[in-house]
Amino acid sequence: MRNSPDYDSAFKRICRQAEVVRSYFDYAQVPANVAAKIDLSTLRPMPSSLVSDTLIQRHGDMIWQIDYRHGGGQLYVVLHIEFQSTVDQSMALRMLAYASLIYESLWNNKARQSKTGKLPTVLPTVLYTGVSPWRAPLRVSELLEDGTRDLQPSFRYLVIDERQLVQSGKVKVDGPAGALMMFRHGGDYNAVREAERQITGSALYRSNQRAYDELARTVGLQRFGKEVASMEEFASDLEILEQNAKIRWTAVGRQEGIEQGIEQGIEQGIERGIERGIERGKAQVVEQMLKNGLSEHEISDCTALTLKQIRKLRNGG
C-alpha cells in the first residue's frame with residue numbers, strides 16, 4: 001500500500017489559490033454591510049511585512065487582504081482562515097487570540113490604513129471539513145459567565161460548514177469551492193461525478209494537479225474505502241466506489257428487498273424483503289464508516305440512526 005498523504009496539507013495547498021478562496025468567501029455569510037464594501041477581485045495574501053513571524057509560521061498564506069471598493073488602497077479587510085476537521089468548543093477563544101495577534105502585528109508595523117489611524121476589519125473564518133455539524137459557540141460571550149459579559153470582549157467568528165452546506169442544498173458546483181465541497185460530501189453518484197468533472201476541467205486543477213490528486217486519493221480512502229492514485233483514477237472507478245460505499249444505501253436496500261419479495265411472490269414477502277434489504281444496506285454502511293474511523297456519534301449524525309440502532313447493526317442484530 002502506498003504511504004497515506006497528508007489530507008489537510010493537500011487541501012491547504014489547494015486553498016492557497018486566490019480563486020478558491022474567493023469562491024469559499026461566498027459561503028462565509030459575511031455581514032452584508034461588509035460584503036457590500038469590499039472588492040474580492042483585489043484578494044491577495046497579506047504582505048509578510050505586515051504580519052508577524054509567529055502568524056506566518058502558524059497560518060502561512062491563510063491570511064488575506066481585500067481592498068474596499070472605494071478605499072484607494074487606504075482601507076482593506078483582513079480575511080483569516082482557520083482549517084478545522086473536528087468540532088472545537090473553545091474555537092471562539094482561539095479565533096479571538098488569532099485576531100488579537102493580527103491586530104497587534106498590524107499595529108506594531110504601523111499599518112494604520114485609514115486617515116484616522118484605525119486598523120482594518122478582520123474577518124476570522126473557520127473552514128470546517130468534518131462530518132458532525134459544527135456546534136461550537138460562535139461568540140466569546142457564550143463561554144463567559146453572564147455577570148461579566150459587559151466587561152469582556154465582544155467577538156464573533158464566521159463558519160463555513162461544508163457538509164451542512166451540501167446537505168442543505170445551498171452548494172453550487174459551478175465554482176471551485178462548491179465543486180470541492182460536493183466532491184468530498186456529495187450524497188449520490190451524479191453529484192460527485194459532476195464535482196469531479198468541474199474540478200478536472202479547470203485551470204486550477206492543471207496548475208496544482210499534485211495537490212488535487214492527493215486529495216482524491218484520501219477521499220477515496222475515507223469515503224469509499226479504496227485507495228486511488230489520482231483524480232483520473234478516481235473518476236474511472238467512481239461508479240464502483242459509489243456502489244461499494246452504499247452512498248445510496250436506502251435505495252440499494254429497497255431494491256434488494258423488492259427483488260427478494262418478487263421471488264417469494266406474495267405481498268408479505270415483498271414487505272419483509274424490503275425491510276431486510278434496507279437493514280442489510282444500513283449494516284454495510286455502518287461497518288464501512290467504522291472501518292474509516294468514524295465514531296458512533298458521527299455515524300449517527302450522518303445517517304440519522306440512533307446509537308442503539310448503530311450498536312445493534314454493529315453486533316449483527
Side-chain angles (χ1 to χ4, degrees), residues 8-9 11-47 50-52 54-68 75-106 119-130 132-143 153-166 168 170-172 175-181 184-185:
D8 289 336
S9 174
F11 183 57
K12 287 178 182 179
R13 295 206 308 277
I14 290 170
C15 287
R16 288 174 184 165
Q17 299 169 298
E19 187 175 339
V20 175
V21 176
R22 277 194 292 270
S23 184
Y24 268 107
F25 193 83
D26 292 336
Y27 295 96
Q29 296 184 323
V30 177
N33 62 324
V34 177
K37 294 178 182 179
I38 59 179
D39 182 0
L40 279 177
S41 68
T42 65
L43 180 78
R44 59 201 182 276
M46 179 70 75
L50 298 182
V51 186
S52 70
T54 301
L55 282 169
I56 290 176
Q57 184 177 6
R58 175 66 179 83
H59 295 289
D61 293 337
M62 295 300 99
I63 303 177
W64 300 78
Q65 179 175 326
I66 312 171
D67 291 342
Y68 278 86
L75 294 172
Y76 63 87
V77 167
V78 177
L79 173 63
H80 159 224
I81 299 175
E82 173 73 6
F83 293 89
Q84 194 72 17
S85 58
T86 58
V87 177
D88 184 347
Q89 295 298 320
S90 68
M91 184 55 69
L93 294 175
R94 287 178 54 189
M95 296 301 280
L96 173 61
Y98 297 150
S100 297
L101 284 172
I102 292 172
Y103 281 130
E104 182 180 24
S105 179
L106 294 173
L119 292 171
T121 298
V122 173
L123 296 178
T125 305
V126 172
L127 179 51
Y128 176 56
T129 61
S132 301
W134 185 264
R135 294 197 177 101
L138 300 181
R139 299 178 182 274
V140 169
S141 60
E142 296 178 59
L143 302 175
S154 176
F155 176 84
R156 177 173 72 91
Y157 63 94
L158 305 171
V159 174
I160 304 172
D161 188 336
E162 292 194 326
R163 186 177 180 85
Q164 292 303 301
L165 284 167
V166 169
S168 69
K170 296 178 181 178
V171 171
K172 298 179 180 179
L180 284 166
M181 285 190 275
R184 295 199 306 281
H185 303 289

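For the numbers below, each heavy atom of this structure counts, side chains included, while hydrogens, waters and symmetry mates do not.
Taking all atoms of both residues into account, the shortest heavy-atom contact from Val126 to Gln84 is CG1-CB, 3.8 Å. Gln89 approaches Ala136 most closely through the heavy-atom pair OE1-CA, 3.7 Å. Scanning all heavy atoms of the two residues, the minimum distance from Ala28 to Ile160 falls at CA-CG1, 3.8 Å. Summarising the geometry of Gln17 relative to Trp64, their closest heavy-atom pair is C-CH2, 4.3 Å, with the distance given to 0.1 Å. Closest non-hydrogen pair, Ile66 versus Asp39, comes out as CG2-O, 3.3 Å. Residues Val30 and Ala35 approach most closely at CG1-N, 4.0 Å, considering heavy atoms.
Between Leu106 and Val78 the shortest side-chain heavy-atom distance falls below 4.5 Å. Tyr68 is not listed as a side-chain neighbour of Thr42, based on a closest heavy-atom distance of 4.5 Å or more. Inter-residue side-chain proximity for Asp67 and Arg44 is flagged as met; some heavy-atom pair is nearer than 4.5 Å. Within the 4.5 Å cutoff, side-chain heavy atoms of Met62 are placed close to those of Arg16. A 4.5 Å side-chain heavy-atom check between Leu43 and Phe25 finds every atom pair outside the cut-off. With contacts defined as side-chain heavy-atom distances shorter than 4.5 Å, the pair Glu104/Leu101 qualifies. Proximity of Pro120 to Val77: side-chain heavy atoms (C-beta onward) are nowhere separated by under 4.5 Å.
Taking CG from Leu158 and CG from Leu127, the interatomic distance works out to 12.0 Å, rounded to the nearest 0.5 Å. Remark: Thr125 OG1 to Phe83 CZ distance equals 11.0 Å, nearest 0.5 Å. Between the CG atom in Leu79 and the CG atom in Leu40 there is a gap of 9.0 Å [rounded to 0.5 Å]. For the atom pair CG (Leu93) and CG (Leu143), the distance works out to 5.0 Å, reported to the nearest 0.5 Å.
The salt bridge (charged side-chain N to carboxylate O under 4.0 Å, His left out) search around Arg156 returns none, not counting sequence neighbours.
Judged by distance alone, with hydrogens and angles left aside, the side-chain atoms of Ser132 form no donor-acceptor pair with the main-chain N or O of Gly130 at under 3.5 Å. Side chain of Ser100 to main chain of Leu96: a donor-acceptor pair is present (N/O by atom type, distance under 3.5 Å, no hydrogens or angles). Counting only distance, with no hydrogens or angles, the side chain of Asp161 and the backbone of Trp134 share a donor-acceptor pair below 3.5 Å.
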May I have the step-by-step check of side chain to side chain contact (heavy atoms under 4.5 Å, CB included) for Tyr157 and Leu138, ending in yes or no? CA-CA 6 Å; Tyr157 63 94; Leu138 300 181; 3.7 Å; yes

What verdict does the side chain to side chain contact (heavy atoms under 4.5 Å, CB included) test give for His80 and Met46, after you've listed the backbone C-alpha separation in whole Å, the side-chain angles of each residue and the deciding distance to 0.1 Å? CA-CA 10 Å; His80 159 224; Met46 179 70 75; over 6 Å; no

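Identified under the side-chain hydrogen bond (donor to acceptor under 3.5 Å, both in side chains) test for residues 19-35, with sequence neighbours left out: Tyr24-Glu162.
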